[in-house]
Amino acid sequence: MSRNIALDLTPPKYTGVASPAALNRKAFTKSFEILAVRAPAAKTSAILRAPEMKGFILDIRKIGSVDFDPQDPNCRLVLLNVGSQAELPEKTVNFLQTQAELKEFRPYTVTLDYDYWTADEIIHAVMPDHLKEGAPSGFAVVGHIAHLNLPADYLPYKRLIGQVILDKNKTIRTVVNKLDFIDTVFRFFRMDLIAGEPNFVVEHTETDSTFTFDFREVYWNSRLHTEHARLVESFSHDDVVADVFAGVGPFAVPAAKKGCGVYANDLNPNCKKYLTINVKNNGVQDLVRVSCEDGRDFIRNVFRRSFENPFPVVLGPRLSKSKIQRLQRAGLYRPPSVARAPPRRRISHLVMNLPDTAITFLDAFRGVLMSEDIPKLREVYDTMPMIHCYCFTRELEPEKAEVDIRQRVEETLGSPLTTEVHVHWVRLIMAPLPTINGDSEGSSLTASALKTVRTALDVPERELARWRRIFDANSKVVDGEKYLDPESFVNAIAPSGDLSKIGRAQFALLFRVADASKRGLVSWDDFTVFETLLKRPDADYWMAFRYFDVDHDGYITYDEFKNVFTANVGPDAIPFDFDCDWVKLYLGKKNGTHVLGYNEFTQLMKGLQGERLRQAFKYLDADQDGFIRPDQFKRIILEIAGHKLSQAVIERLPTLCTLTPGQRISYSEVVAFHNVVRQMDMVERIIREATAKSKDGRIDQSDFLNYASSSSRYSLFTPMEASIIFHFASRGATNQRLALIDFAQLLDPRWRAPYEDVEPQSAKPPRSLLSSALLSSYNFVLGGIAGAFGATIVYPIDMVKVL
């Protein structure tokens with residue numbers, strides 16, 4: 001019977017010391033015994049192409065399928081992925097013997113060594129077990145420098161990681177790790193040399209231009225090369241461009257090579273130094289004028305400079321050296337001549353590529369064309385220049401993002417924008433993971449989450465593999481890496497089937513939680529953290545904290561609490577008084593300085609639902625007699641916990657008034673019903689266990705209360721709460737003994753009557769109650785807090801949790 005060898009191509013288990021000095025490269029050696037076919041060299045191609053050989057030729061990267069025969073230069077060894085002749089089918093052996101002039105089958109040893117495996121595989125192999133998952137797997141390259149952003153857990157192994165990268169990439173001579181510190185004035189990263197030579201001056205090629213700079217002293221981002229090219233492409237060869245934050249010239253030099261006159265400025269003296277070098281090296285000294293001054297001063301002065309010392313007009317676009325040489329060889333080259341037209345006094349474009357603060361410089365444009373000593377300056381600008389102002393926004397939705405950007409620009413300019421405005425989306429950026437400050441010193445929820453992912457032993461490998469399959473099936477490639485955007489993230493996590501209670505729009509809210517770095521993309525690491533966090537006992541609170549912490553500073557302020565809450569309860573919701581004593585107890589007086597850390601916030605969230613219930617009852621109890629109408633009770637429950645109830649229960653909410661005389665509902669009954677909803681997980685557990693131990697599989701109210709009392713030290717439910725449970729489970733007949741199936745409509749928010757004309761006792765149970773309501777790993781948690789925010793927009797903390 002034929003079979004193929006299952007070759008284990010992973011690196012061998014590394015037992016050496018994890019340091020670059022002690023890295024034992026010889027330990028990465030692995031051998032396999034396979035079968036080789038010895039045949040004439042002339043028959044090699046026929047063997048490789050033969051249908052009879054399909055699936056039996058060795059196919060391993062870096063290992064050829066054919067080797068020389070050391071005994072006969074006229075023969076070759078064709079390597080097979082089987083260990084013996086007996087593993088080959090008869091037709092394959094017949095082909096080799098009759099048509100391939102088989103000389104013999106010969107054993108062959110394949111040896112893999114350190115050079116075979118990639119840097120990722122070696123790094124993964126040498127890391128301790130608790131750091132293997134999530135080991136660094138990528139880096140960016142600028143010239144001869146590879147730069148990484150290593151998480152804190154990997155810093156003790158930084159030099160080993162750097163050495164492996166150096167070994168595996170022959171063009172890399174220097175490996176650095178970017179530090180968290182960013183220069184506040186010149187915006188470049190501090191970095192740590194972790195391997196290779198201390199040479200930080202690089203030569204980098206982009207858009208047919210060569211750039212030289214010291215990577216330690218200037219800002220450079222290779223991922224922006226597409227944007228550099230896009231903007232330069234929009235310029236005409238006769239334009240004048242003012243680059244306010246020019247850096248080392250990624251916009252200025254290519255624009256000048258196109259023929260544009262360029263005023264290039266940067267406050268960083270090192271940027272000016274290397275910008276001047278790059279201008280010279282690219283042969284555009286006559287078209288680039290370099291300065292080193294504050295951006296505001298540059299904006300205020302550049303219009304005067306362009307008027308008083310303009311660039312001459314050059315006919316035709318500037319040609320590259322290679323194109324000039326081709327034209328010269330063909331005898332067609334004619335040097336460009338200076339036109340007799342007026343020189344270029346008008347600036348056509350201003351580039352402001354400092355997205356963190358560029359908007360704040362826009363006020364410098366006020367009055368720049370109103371010069372008393374140059375009265376004709378304004379006349380030059382019959383058409384206003386286009387300002388390309390780069391900025392960040394935290395809004396993911398394009399419409400909201402544009403509103404945010406416009407508002408900030410108008411505030412800085414002190415004037416509304418006209419219709420001559422265009423928003424171009426450059427890229428979704430990767431921000432550093434925020435640290436969320438807890439109430440104890442050194443608390444970091446993000447660090448805790450990452451630690452959970454790396455060390456949690458309760459996440460089986462098969463579950464991690466399943467997460468990976470889900471991620472890969474839905475991810476998209478951005479800048480060479482796989483990510484989930486908002487749409488594909490929902491595709492990955494939302495359960496298939498009935499989403500009538502919590503739809504895709506609600507699951508999309510979870511993207512803001514999973515996107516820990518707020519870059520608009522969820523990486524594999526982010527997805528793993530998200531999935532693992534759902535296993536944490538405080539996952540619901542943690543997600544709520546992340547959702548409310550708008551500025552990601554690790555604290556919740558009064559304004560954040562109020563604004564996020566208000567934005568998500570809907571305009572028709574029952575009003576909530578944020579100036580109440582309850583809020584003041586947690587956040588101090590209105591607009592006070594007290595803020596909540598994580599632990600304090602969890603206590604606020606635990607009590608918020610009850611406070612909203614109290615305020616809602618008080619608001620609807622207009623005559624303050626302690627009762628509300630059944631329709632008012634239904635309104636409260638729908639706003640607070642409607643997503644937790646099946647449609648059958650919702651329709652019967654007004655019938656709660658039948659439990660007591662008067663056909664009205666008291667505050668006690670409202671609180672009791674709410675407590676049942678909050679404790680629905682425990683309700684289900686008691687019902688399941690009590691009915692399982694009952695002789696007839698049924699229980700009444702007394703059985704329920706007795707079992708609840710015996711299963712804990714204190715009473716979990718009051719008689720009124722038990723009456724409410726049996727009222728809705730039995731459809732009003734509270735004195736019946738009920739089976740587990742009878743409670744389905746109360747326990748499962750997606751419950752629907754199987755057949756209206758069939759008695760409930762004969763109906764098959766729904767596929768699941770709460771504990772298996774969804775066939776995916778996501779579930780609606782009925783214990784919780786999210787009802788406090790309203791059922792119109794369900795918050796993540798009550799939306800999903802791993803079963």
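In what follows, residues are counted from 1 in the order of the sequence shown. The structure displayed is predicted, hence computed values, not measured ones.
Ring pair H349/F235 is tilted by interplanar angle, where 30° to 60° counts as tilted.
Annotation for G162 and I194: closest pair CA-CD1, 3.9 Å, computed over non-hydrogen atoms. The nearest pair of heavy atoms linking M191 to V176 is SD-CG2, 3.9 Å. Annotation for I123 and I161: closest pair CD1-CG2, 3.7 Å, computed over non-hydrogen atoms.
We find the CG-CD distance between N301 and E308 to be 10.0 Å, quoted to the nearest 0.5 Å. The distance from the CD atom of E233 to the CG atom of L231 is 10.5 Å, given to the nearest 0.5 Å. Atom CD of E293 sits about 11.0 Å away from atom CZ of R300, to the nearest 0.5 Å. The line from CG of D239 to CE of M386 is 11.0 Å long, rounded to the nearest 0.5 Å. Annotation: the span from Y154 atom OH to N149 atom CG amounts to 14.5 Å, rounded to 0.5 Å.
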| Where do R296 and D363 land on the salt bridge (Lys or Arg N to Asp or Glu O under 4.0 Å) test, with the steps shown first? | CA-CA 8 Å; R296 283 189 175 80; D363 58 349; 3.3 Å; yes
| said: Working note: V241 + V351, criterion side chain to side chain contact (heavy atoms under 4.5 Å, CB included); need CA distance, chi angles, decisive distance, verdict. | reply: CA-CA 7 Å; V241 179; V351 181; 4.0 Å; yes
| request: Decide side chain to side chain donor-acceptor pair (under 3.5 Å) for S523 and D526; before the verdict, give the C-alpha distance in whole Å, the side-chain angles of both, and the deciding distance to 0.1 Å. | output: CA-CA 5 Å; S523 67; D526 293 336; 3.3 Å; yes
| task | Would you sort out whether L275 and I277 count as a side chain to side chain contact (heavy atoms under 4.5 Å, CB included), showing the intermediate values? | result | CA-CA 5 Å; L275 176 56; I277 293 174; over 6 Å; no
| query | Going through the checks in order, is the side chain to side chain donor-acceptor pair (under 3.5 Å) test met by D167 and Q163? | reply | CA-CA 6 Å; D167 289 346; Q163 186 59 50; 2.9 Å; yes
| V409 vs L417, side chain to side chain contact (heavy atoms under 4.5 Å, CB included): CA-CA, chis, key distance, verdict | CA-CA 8 Å; V409 170; L417 292 173; 3.8 Å; yes
| message | Show, in sequence, the C-alpha distance, side-chain angles and deciding distance for V218 and K273, and conclude whether the side chain to side chain contact (heavy atoms under 4.5 Å, CB included) test is met. | response | CA-CA 10 Å; V218 304; K273 169 185 172 182; over 6 Å; no
| task | Take R344 and D238 through the salt bridge (Lys or Arg N to Asp or Glu O under 4.0 Å) test and state the conclusion after the steps. | result | CA-CA 8 Å; R344 296 182 281 183; D238 55 353; over 6 Å; no
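The pair D192-K178 does not count as a salt bridge, with every side-chain nitrogen at least 4.0 angstrom from each carboxylate oxygen. K400 and D404 are not joined by a salt bridge, as no carboxylate oxygen comes within less than 4.0 angstrom of a charged side-chain nitrogen. In summary, R230 and E227 engage in a salt bridge, as defined by a charged side-chain N under 4.0 Å from a carboxylate O. A salt bridge links D485 to K476: at least one charged side-chain nitrogen sits closer than 4.0 Å to a carboxylate oxygen. E399 has no carboxylate O lying under 4.0 Å from a charged side-chain N of R406, or vice versa, which leaves the two without a salt bridge. Salt bridge annotation for E121-R61: present, with a cationic side-chain nitrogen under 4.0 angstrom from a carboxylate oxygen. In this structure, D373 pairs ionically with R304, as a charged nitrogen and a carboxylate oxygen lie closer than 4.0 Å.
Cation-pi contact between R289 and F311: present, with separation from the ring centre below 6.0 Å and deviation from the ring axis of at most 45°.
Counting only heavy atoms from C-beta outward, the side chains of D243 and Y263 never approach each other to under 4.5 Å. Residues F200 and E217 have side chains not in contact (no heavy-atom distance under 4.5 Å, counting atoms from C-beta outward). The shortest side-chain heavy-atom distance between I470 and F527 falls under the 4.5 Å cut-off. I387 places a side-chain heavy atom less than 4.5 Å from the side chain of M352.
Ring centers of F245 and Y390: at least 6.0 Å apart, outside the cut-off.
Residue-environment remark: NZ (K376) stays at or below the threshold of 12 foreign heavy atoms within 6.0 Å. Heavy atoms from other residues, nucleotides or ligands lying under 6.0 Å from CG of D208 number 12 at most.
F471 pairs with exactly one of W524, F489, Y483 by the ring-ring contact (aromatic ring centres under 6.0 Å, His included) rule, that one being W524. With respect to H204, the ring-ring contact (aromatic ring centres under 6.0 Å, His included) criterion is satisfied by exactly one of W220, F215, F211: W220.
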